Structure formats: C-alpha cells, structure tokens
There are 2 protein chains.
Amino acid sequence: MSLIPIRPGAQPGGGRAPGPAAESERRDAARNRELLLCAAREIVEESGADALTMDRLAQRAGVGKGTVFRRFGSRAGLMMALLSGAEAEFQGRFMFGPPPVGPGAPPLERLIAVGAARISWILEFGELARAADASVYNRFDVPPAVLWHRHLEMLLREAGVTADPWLMASALGAALEPELLLHAVGVHGIAPERLAETWRELVTRVVGGG
Amino acid sequence: MSLIPIRPGAQPGGGRAPGPAAESERRDAARNRELLLCAAREIVEESGADALTMDRLAQRAGVGKGTVFRRFGSRAGLMMALLSGAEAEFQGRFMFGPPPVGPGAPPLERLIAVGAARISWILEFGELARAADASVYNRFDVPPAVLWHRHLEMLLREAGVTADPWLMASALGAALEPELLLHAVGVHGIAPERLAETWRELVTRVVGGG
C-alpha cells in the first residue's frame with residue numbers, strides 16, 4: 001500500500017492564511033492519517049500489537065519514519081489513535097447507551113453489566129490496549145482511563161458505597177485491567193463467562209456487604 | 001567500586017572436575033555476584049529502578065557488560081535477583097511468621113493484615129518490583145507472584161469464599177499491584193493508611209457478603 005506523499009511545505013499548523021491550497025493540504029493530511037491507521041490495523045491483525053513499531057509502520061505504508069512521527073508523535077500516540085475509536089464507542093455505551101450498561105438501570109445492575117461489557121471489549125481490543133498501556137508513561141492518567149475510573153466511582157456512590165469510593169473504584173477497576181484478563185484467558189484458559197461471573201460476585205459483595 | 005576480575009576460563013557450569021581451584025572459582029563467582037548486587041542497589045537508591053540498566057551496572061562495577069549478562073541472564077533476571085531477598089522475607093512472614101499476618105489468626109484477619117503488610121512492603125520495594133514487572137515477559141507467572149496469588153486464594157477458601165476463589169484472588173490481588181499503589185501514593189498523594197483501609201473494606205465485604 002502507498003500513501004499520498006506529504007507535499008513539501010505542508011506543515012501542520014504552519015502559519016499560512018487558509019485558502020484552497022491549505023484546505024486541500026488539510027484534506028490530504030487527514031487522508032494520510034487514515035491510511036496510516038489502516039496500515040497499522042493490518043499490522044496488529046497480522047502480527048499482534050507488539051509488532052506495531054514506528055519503523056514497521058513506515059515501511060508498510062511506504063513513507064519515511066519522520067512522517068509517521070509527525071502524524072502521531074510517538075508509538076504511544078499511534079496506539080492511542082488506534083484505540084480511540086473503540087474507546088469512544090465503549091464510552092458512548094456506558095454514558096448514553098441503553099440500560100443496563102447505560103443510564104436507567106439500578107446502579108448495581110449497571111456495575112455488573114458494564115464490567116461484563118468491558119470484559120468482552122478487552123477480549124476484542126485488549127491486545128492493543130495492553131500494548132498502549134505499556135507504551136505510555138502513566139497509563140492511569142490518560143483520558144479514557146480517568147473517565148472509566150470516574151464512571152465506576154459514580155456507580156459505587158449511587159449504589160451506596162460511601163467509604164472512599166474513589167479508591168474502591170480504583171481497586172475494583174484493577175480487576176478489569178487488560179493485562180490481567182488477557183493473561184487469565186490466554187495462559188490459563190479461563191472462559192470469559194467465568195471472568196464476568198467473578199466480577200458479578202465481586203461487585204455484588206462490595207455493594208451488598210456495607 | 002571494583003570487582004574481583006573474572007578469571008579467564010572460569011565459566012559457570014564448565015565441565016571441569018571439582019577441586020580446590022574450582023572451589024575457589026565458585027567462591028569468587030558468588031562474591032562477584034554479591035558485589036554486582038551491591039552496585040545495583042546503589043544505582044536504584046541513587047536514581048530509581050528505571051535507571052538500572054545492564055550497561056550502567058557494568059560501568060558502575062567496572063566490569064564488562066558480558067560479565068553482567070553472564071551473572072544475571074537479562075535485566076529481568078537482575079531485577080529478580082535484587083528483589084528475591086525482600087520477597088523471601090515477605091513470604092516468610094505470611095507463611096511462617098507471627099499472626100495475624102502469619103498462621104494462627106482467623107482467615108479474614110489474616111487477609112486484612114497481609115494486605116496492609118503488602119502495601120507497606122510495596123512502598124518500600126515497589127519501585128523495584130514495578131520495574132521487574134515491566135521487564136519480565138509474564139509477570140503473573142514468576143514464582144513469587146504465583147505464591148502470593150495462591151496464598152490469597154487459600155485465605156479466601158478458609159474464609160468461606162467458595163465461588164471461584166482462584167479468580168477472586170486474582171481480582172483482589174490486582175488491587176495490590178505495585179504500579180497501581182505507587183501511582184495512588186506518588187501521583188494522587190493518597191496516604192498509605194487509606195490504601196490499607198480500602199483493602200480492609202474490600203476484603204471484609206467480599207468475605208462477609210457471600
């Protein structure tokens with residue numbers, strides 16, 4: 001596969017006045033970015049997330065390594081860009097989607113359902129999420145992780161867990177970390193249903209045992 | 001600092017018949033290993049665990065990089081060697097030490113106490129444990145992690161948690177991972193007592209809520 005070559009002088013954020021040329025450059029840049037993301041997804045599908053390096057992506061897409069760095073900043077930035085669509089879809093489900101994952105069900109039901117949904121999500125995207133976790137400096141403070149933690153905290157509060165719900169959300173959220181779940185499934189052959197069932201036991205006991 | 005130079009031909013496991021010379025080589029090798037571990041501890045104390053690389057250790061100890069690799073195999077092996085003393089001491093406490101961390105107290109009391117002890121341990125050695133986690137391929141299957149997981153599982157069983165105690169131990173153990181706890185303390189300024197209190201809440205609810 002090949003990409004539209006970046007035209008000389010087409011620097012993102014360069015101070016030129018907008019005009020038809022600048023507009024067309026922006027379109028090219030957006031398209032190049034999408035094509036790079038496609039190539040990155042292909043690498044992940046073929047060889048796993050650990051195989052996705054800036055070098056390999058540049059080679060696959062037939063562009064210079066500098067172009068890849070200009071588009072994504074770093075390997076972590078590339079991972080985040082790849083994940084962001086899947087994360088946004090998942091966030092949409094728990095914030096605005098139908099119950100019991102979305103609003104409208106009792107908080108314990110929502111906790112149980114969102115954990116089960118997260119487990120399925122991780123089994124689909126977790127290889128990428130795990131690699132992204134490993135390549136950012138502070139994986140707990142990236143926006144999707146913060147939003148997810150806050151969501152668990154809110155559900156715990158609504159369910160009446162008033163003793164330090166922020167820390168309790170962090171402790172419970174740790175049980176749904178991609179690395180842990182992928183290890184349970186991949187190395188120990190644990191069925192996804194068993195993971196969801198243990199999550200149900202865990203949050204039911206935490207909410208009910210106060 | 002400098003080390004006893006490795007004598008030419010003194011290969012560990014070389015097939016020569018044991019004798020006074022081989023005996024003396026083994027003593028030198030053990031001493032060199034201890035001196036390398038001392039140098040490694042100094043680097044960690046001065047600059048943190050992430051600064052401990054095979055290159056830097058070789059430079060600090062005044063030996064070739066090959067010597068460092070021969071002694072420890074890899075950076076992960078070096079981290080494990082550094083941690084093993086501290087891990088062994090901690091294992092001794094929960095397996096053979098006085099109650100409530102050691103045997104003799106009721107299982108829930110032991111769960112609460114061993115979690116609090118683990119939190120203190122992580123605040124002392126966790127920087128090293130975190131770096132070791134990041135440098136081994138499968139951090140969940142190294143012997144100290146397996147022993148720790150089995151210990152939590154056994155306490156849960158004794159406390160009457162019969163629904164999948166293996167997975168429940170894995171979920172609860174995730175709340176005591178070095179990376180998570182060091183982030184809570186280092187980035188969010190959470191007091192260690194709050195961590196221990198949340199652990200107490202968590203295991204009390206899990207054990208009591210069945």
Side-chain angles (χ1 to χ4, degrees), chain A residues 50 108 115 119 130 133-142 145-146 149 156 159-188 190-210, chain B residues 50 108 115 119 130 133-142 145-146 149 156 159-188 190-210:
Chain A
D50 288 333
L108 176 57
I119 290 164
R130 195 192 52 69
D133 281 353
S135 61
V136 294
Y137 178 66
N138 191 342
R139 67 195 176 89
F140 300 108
D141 289 332
V142 295
V146 171
H149 180 208
L156 285 172
V161 177
T162 51
D164 218 334
W166 188 91
L167 259 191
M168 189 60 89
S170 153
L172 293 179
L176 297 175
E177 286 283 310
E179 197 180 359
L180 186 73
L181 298 184
L182 293 173
H183 176 260
V185 172
V187 177
H188 295 281
I190 305 292
E193 298 73 36
R194 258 181 84 187
L195 297 173
E197 178 54 27
T198 295
W199 171 258
R200 197 192 59 72
E201 273 289 334
L202 179 63
V203 293
T204 303
R205 286 168 182 245
V206 164
V207 166
Chain B
D50 288 333
L108 176 56
I119 290 164
R130 194 192 52 70
D133 281 352
S135 60
V136 292
Y137 178 67
N138 189 343
R139 67 194 177 89
F140 300 108
D141 289 332
V142 296
V146 172
H149 180 207
L156 286 172
V161 176
T162 50
D164 218 334
W166 189 91
L167 260 191
M168 189 60 89
S170 153
L172 293 178
L176 297 176
E177 285 284 310
E179 197 180 359
L180 186 73
L181 298 183
L182 293 172
H183 177 260
V185 171
V187 177
H188 295 281
I190 305 292
E193 297 73 35
R194 260 180 81 187
L195 296 174
E197 177 54 25
T198 295
W199 171 258
R200 197 191 59 73
E201 271 298 322
L202 178 63
V203 292
T204 303
R205 286 168 181 244
V206 164
V207 167

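Below, chain A is the first sequence line, B the second, and so on; all start at residue 1. Not measured: the values here are computed from a predicted model. Computation of the quantities below employed the complete heavy-atom set of this structure, encompassing side-chain atoms and omitting hydrogens, waters and symmetry-equivalent molecules.
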Under 3.5 Å, which donor-acceptor pairs do the side chains of residues 159-172 of chain B form with other protein atoms, sequence neighbours left out?
| unit_1 | atom_1 | unit_2 | atom_2 | d |
| --- | --- | --- | --- | --- |
| Asp164(B) | OD1 | Arg194(A) | NH2 | 2.7 |
| Asp164(B) | OD2 | Arg194(A) | NE | 2.8 |
| Asp164(B) | OD2 | Arg194(A) | NH2 | 3.4 |

### Smallest separation among heavy atoms of Gly115(A) and Trp199(A), with atom names
CA-NE1, 3.3 Å
### Query
Does any heavy atom of chain A fall under 4.5 Å from the side chain of Val187(B), the backbone, both, or neither of them?
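When you check distances to chain A, only side chain atoms of Val187(B) fall under 4.5 Å.
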### Task
Would you mind checking which part of Ile190(B) comes under 4.5 Å of any heavy atom in chain A, side chain (CB onward), backbone (N, CA, C, O), both or neither?
side chain
### Message
What I want to find out is whether Glu179(A) reaches Arg139(A) closely enough, with some N-O distance under 4.0 Å, to be called a salt bridge.
### Response
no
### Query
Side chain, backbone, both or neither: which part of Leu181(A) has a heavy atom under 4.5 Å from chain B?
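Looking at Leu181(A), nothing touches chain B.
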### Message
Using 30° and 60° as the class boundaries, would you call the ring planes of His183(B) and His188(B) parallel, tilted or perpendicular?
### Response
perpendicular
